Amino acid sequence: MQPDELLRDLTEPQRAAVTHADGPLLVLAGAGSGKTRVITRRAAYLALTVTRPRHVAAITFTNKAANEMRQRIAAFGLPGMTVATFHSLCARLLRQYAGQVGLKSNFSIYDESDRNEVVRRAVVESGLALDQWSVGRVVPAISLAKNHMLTPAEYTGKEVQDFGARTIARIWEKYDELMRERNAVDFDDLLRLVARMLEEKPEIRDDLEDTYRYLLIDEYQDTNLAQFEIARRLCRKRQNICATGDPDQSIYGWRGATIRNILEFEQHFPNAKVVKLEQNYRSTPRILAVASHLIASNKRRKEKTLWTHNDDGPPVRVVECEDADSEAEFVARSIADLAAAGTALRDVAIFCRINSLTRVLETALRNGGIAYQVARGVEFYNRKEIKDTVSYLRVLANLDDDVSLARIINTPARGIGPTSIERLADYARAHNKRLIDALREADRIEGVGRAAAKIRQFVKMLDELRGAAGKPLRELIETVLDVTGLEDEFRQTSTDDNNRVANVEELISSAARFQEESDEPTLVNFLSQVSLVSDQDAIKSESGCVTIMTLHAAKGLEFPVVFMVGLEDGVLPHARARDDPNQMEEERRLCFVGITRAMRQLTMSRARRRQIRGTWIPTVRSPFLMELPLQEIEWQSEQEGQFRTGRPIFGYGGAEPFPTEQWAQQRSRRGWDRRADPDAEERPRHWTDDDDPPAGRHGRQASRERRETGRAKSSHAESSTDKAGGGSSHGIKVGQLVTHGRYGVGRVASIDGWGEDAKASVEFKPPTGRRTFFLKFGTIRPAR
DNA sequence: AGCAAGATGCTTTTT
DNA sequence: GCATCTTGCT
């Protein structure tokens, strides 16, 4: 293949991103801008021009992304490239260099539940009470600290006075110790240990830098500090890092991702070239307008303007329903209508902020006879039968793995009860031995009397199985299932709903596939893959049904028709984000991600009443709805079962469609009433002038008007709104760009008058020309 | 060992 | 309000 062939059908900015050879490169890839295409082309282009495939490494977050990329690159016929997720690459490196970082290369990778088990143990062994130091409290603290590359000492360091922090650090140290004993690492360790290794072992880093000469890092906006350090340390010599991502789609801050990594890329990598991909191939201009207008309220971002050649499509709708049930029915009915008109169900998706909202939707779709699937986080590998089987395999691979061993001692039930297991564990701890050694010495342990014989049998069985550990994977797993009695158990407990036998068979075939496809199909490597693969990777688009999923799960996907439900204050944005401006921005990005998944038709909805934990409560409209460009949107309101199109009333979010007498009184009493002019309700809210981004860090145009993002102090439309009645804070200045519902964007030429009489003269593009508006009517609004 | 009644807790969840 | 885990009982 000729390199030029890779460029033929690319746009100018895409080409620039693909052909940039040496030195740091940041590709700001807007939603739907053909990012994957650019990355894969770039990988191939580099391999054909400035280097060879084996010196190119593309790193992604999900297996799904990695697989897709691998496939596309394979089409170029350039074998030998590294395409991996951060975690799988790190696991590979840690196995390779295990000895140098204090691990054995057969280490186990612990998932959430395994890790929780060890944390629980660490709490107990630290002499603390589990109900006070619950997993839910300890785990996130440690995980976050690890992702920020802290050590326990550094973690306490800042807050020596803080008893809580000191205790967490103590538990953490214990936890690390227990993990080392078990020859196990968790997901966070994979990253952290590699990052540390690259710093502390210059000779290893040197080798790796010579291997991975060109780095491509995808979804860079979702990297945490550990991942950033890995990337940075891998390109220290050559600085050949290409990061792609979109700050507006950073939605994993709560997991330790740092949006700063992408915002400050140019500081971290001086002389970086920046390419913006702003042409969108996915959505209609209307959808993009809505998305852009919303995200403009964020401060922590990089300026970017999405545009498209696509045709207009139907208007974006916002629908306010009486309650959650009728919202779900509305969605179901709309989908039924679409289906009747020829839309395929697989082209339709429903997004919600939290999983608990799916239930009403499921009911409504079922009642409406509409086929659907829920993309749940319930993973294949978390099923009991899979975990049981995998635990046996883990023990065979890593005899130090006490957590897995404890899990299988009595699975299937063989008369070794919890008391005996506890005694064994106590003995092991007291004598500083592994659990497996305690098992072998069971006869000598006090209080294990009757179970001792059964333990002996179990150990014998394990030794037998270990003899089979070298067999091909399929055979090995089948032997395990047979010898342990698991197979019989699964056969007996399988139901139509939950076919355990079939699930285990799926595991076997994935092992067989691994055996064929992997370069090094060892048991340890298979287990690695099992730990690092989730079935989020397997959201099928082929099934002929509607997909219900969370906004997080929706990232990276696209659907012709999208419904977003629950646009309510406390749901989206989530209540717990409400008093933190940074979290509010993340919620807004989440909303943005949802909107930009839609290709042709987008409907956002909200219920005026919703059942939260059992009781019906009136909701408040999401502040994000009020940040949408009103003139772009068709508003519908349900009243007594009828849907009417009309303008919403801002500042009002109660259970009634329109203000009640009581509400109106309350409103004027508080002094935030607005005139009854219907146009006035369209005016954007919350303009302030003192709200620029922090000290021009990223060199933004200071002149640009920024919208207040907060609304954090109160859930009602509040005072800042209604300075508008008083005059000067309509937020419109001479020279500023404003939009008008009919005439579009224009520039303010002059402002005359004051207060009620203030009017602006606005210059629009021909043929409209210059027009004058009374500001009090709010017909022109600041554009962004 | 197995079940049933209580207790708990409840955003999102790439790996 | 509900599902999931724990505890206590037989």
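In what follows, chains are A, B, ... by sequence order, proteins preceding strands, each numbered from 1. Just so it is clear, the structure is predicted and the values come from calculations on it, not from any experiment.
- Searching all strands for a Watson-Crick or G-U wobble partner of dT11(B) with both distances below 3.5 Å returns nothing.
- Of the two residues contacting DNA chain B, namely Glu586(A) and Ala413(A), the nearest-nucleotide position lying further toward the 5' end is that of Ala413(A).
- Atom CE in Met549(A) sits roughly 22 Å away from atom P in dT11(B) (whole-Å rounding).
- In the displayed structure, Gln71(A) atom CD is contacted under 6.0 Å by at most 12 heavy atoms of other residues, nucleotides or ligands.
- Base contact: Asp222(A) has a heavy atom under 4.0 Å from a base atom.
- Contact annotation for Glu219(A): no contact, since no heavy-atom pair falls under 4.0 Å across all strands.
- Straight-line distance between the C1' atoms of dC5(C) and dT12(B): roughly 22 Å, to the nearest whole Å.
- Applying the 3.5 Å distance criterion, the base of dT14(B) shares no donor-acceptor pair with the side chain of Arg255(A).
- When the P atom of dT11(B) is taken as reference, atom CD1 of Ile251(A) falls 17 Å away, rounded to whole Å.
- Both geometric conditions, a ring-centre gap below 5.5 Å and a plane tilt below 30°, are not fulfilled together for Phe61(A) over the base of dT15(B).
- A close approach under 4.0 Å does occur between a side-chain nitrogen or oxygen of Asn63(A) and OP1 or OP2 of dT15(B).
- Straight-line distance from the CZ atom of Arg610(A) to the P atom of dC10(B): 20 Å, rounded to whole Å.
- Residue Arg353(A) is classed as a base contact, given a heavy-atom separation below 4.0 Å to a base.
- Taking 4.0 angstrom as the limit, Arg613(A) places none of its side-chain polar atoms (N or O) nearer than this to OP1 or OP2 of dC10(B).
- One can place CZ of Arg137(A) at 17 Å from C1' of dT8(B), the figure rounded to the nearest angstrom.
- Of the candidate nucleotides dT14(B), dG1(C), dT15(B), dG1(C) has the atom lying nearest to any side-chain atom of Gln611(A).
- In this structure, CG of Leu590(A) is placed 13 Å from P of dT14(B), rounded to the nearest angstrom.
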So Asn224(A) and Thr258(A), side-chain hydrogen bond (donor to acceptor under 3.5 Å, both in side chains) or not? Walk me through it.
CA-CA 5 Å; Asn224(A) 62 30; Thr258(A) 320; over 6 Å; no
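- The six-membered or imidazole ring of His552(A) lies near that of Trp254(A), with a centre-to-centre distance under 6.0 Å.
- For Thr60(A), no side-chain nitrogen or oxygen approaches OP1 or OP2 of dT14(B) to under 4.0 Å.
- Here Asn410(A) lies in heavy-atom contact (under 4.0 Å) with sugar-phosphate atoms only.
- Listed candidates were dT13(B), dT15(B), dC2(C). Nearest to the side chain of Arg359(A) is dC2(C).
- The CE atom of Met584(A) sits 18 Å away from the P atom of dT12(B) (whole-angstrom rounding).
- Remark: the backbone N or O of Thr596(A) is paired with a side-chain donor or acceptor of Arg282(A) at under 3.5 angstrom.
- Residue contacts shown for Gly136(A) are absent, as no nucleic acid heavy atom lies under 4.0 Å away.
- Once the 5.5 Å centre distance and the 30° plane angle are applied, the aromatic ring of His574(A) is found stacked with the base of dT11(B).
- Taking atom CG of residue Asn355(A) and atom C1' of nucleotide dG9(B), one finds them 16 Å apart after rounding to whole Å.
- One can place CH2 of Trp254(A) at 6 Å from P of dT13(B), the figure rounded to the nearest angstrom.
- Closest to the Leu532(A) side chain, of the nucleotides dT15(B), dT13(B), dT14(B), is dT15(B).
- Relative to the ring axis of Phe351(A), Arg597(A) does not place its NZ or CZ within 45° and under 6.0 Å from the centre.
- A distance below 6.0 Å separates the ring centres of Phe265(A) and Tyr220(A).
- Comparing the P positions of dT4(C) and dT13(B) gives a spacing of 16 Å, expressed to the nearest Å.
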